[in-house]
Amino acid sequence: FIAILLARLRRQQGTSKRPMVVVPKSVATNWAEETETLFPGSRVLVIGETRYRAISGKVVEKARAEAIAQGFEKGSQEYEDYVEANRYTVRSDNDQERNRKLAMMKQNDYDLIICTKPAFDRIPLKAETTESFEKEDFHYQRAGQLDSIRSGSSTQETRDKKIAKLQASWSQDKLQQKFSHEESLVYWEDLGVDTLMADEAHAYKNLYAAKSRYGSNPKFLGGSGQSM
């Protein structure tokens, strides 16, 4: 509730025009329902998940079985009302649907944008931003191998060749990752998000391996030896 209230407060104060919260995929629609409960009539956009009314299938069968278990007679108004209220489910957005919602986000005004973590991870950055991050990321992620090359090579020429080979392999891996799925047509920099919050923020820590870079496992970072 705190993130929803914060987004509302910043909107009212004029300090934020486009707040976004990144949430686990399993709770995205719950966030939308909670927002409606707190602030009825709120304009909310959910990216990554779409709620829809199931006509048949397991969801409807389960709702019917639960209605009978509740003691409602099949065909009664109570039975039909229960089935109708519980036949809604969600499906994950495909690339086309996600791109459509990102375009809607640019063009419309929303009180809160709720984005699932998988969908958030697939919002692309512009090329110059990506290149800047990947250059730094290479030195973070390959720090141990670079240290090994520097200490284990007898000449500067040998060191340079090994580092160039390692960097070429890194670049090729990144290129394959880049084209592993269809990219969005809307870039993060163009979305205008001015407040970004995260549910279960612990999922965003431990991104870089510090162990080989500093020579030993940093105890203050936990047993995994991983850190930002």
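Residue numbers start at 1 and run along the sequence shown.
- Glu49 and Ser92 share a side-chain donor-acceptor pair at under 3.5 Å.
- Contact detail for Glu189 and Pro124: the closest heavy-atom pair is OE1-O, 4.3 Å.
- Figure legend: Arg43 and Tyr110 shown without cation-pi pairing, the cationic atom not lying both under 6.0 angstrom from the six-membered ring centre and within 45 degrees of its axis.
- The list of side-chain hydrogen bond (donor to acceptor under 3.5 Å, both in side chains) pairs with a residue in residues 53-70, not counting sequence neighbours, reads Arg53-Glu84, Glu66-Tyr82.
- Salt bridge absent: Asp194 and Arg10 never bring a charged side-chain N and a carboxylate O closer than 4.0 Å.
- Annotation: side-chain hydrogen bond (donor to acceptor under 3.5 Å, both in side chains) contacts of Glu97 (sequence neighbours excluded): Arg100.
- In this structure, a donor-acceptor pair under 3.5 Å is present between the side chains of Gln77 and Asp81.
- With respect to Asp199 and Lys117, no salt bridge is recorded, no charged nitrogen being found less than 4.0 Å from a carboxylate O.
- Without hydrogens or angle criteria, Thr37 side chain to Glu33 main chain gives a donor-acceptor distance under 3.5 Å.
- Scanning for side-chain hydrogen bond (donor to acceptor under 3.5 Å, both in side chains) contacts around Lys106 gives an empty result, with sequence neighbours left out.
- Contact check for Lys101 versus Met105: no side-chain heavy atoms found under the 4.5 Å cut-off.
- The pair Arg11-Asp109 meets the salt-bridge criterion, since a charged nitrogen lies less than 4.0 angstrom from a carboxylate oxygen.
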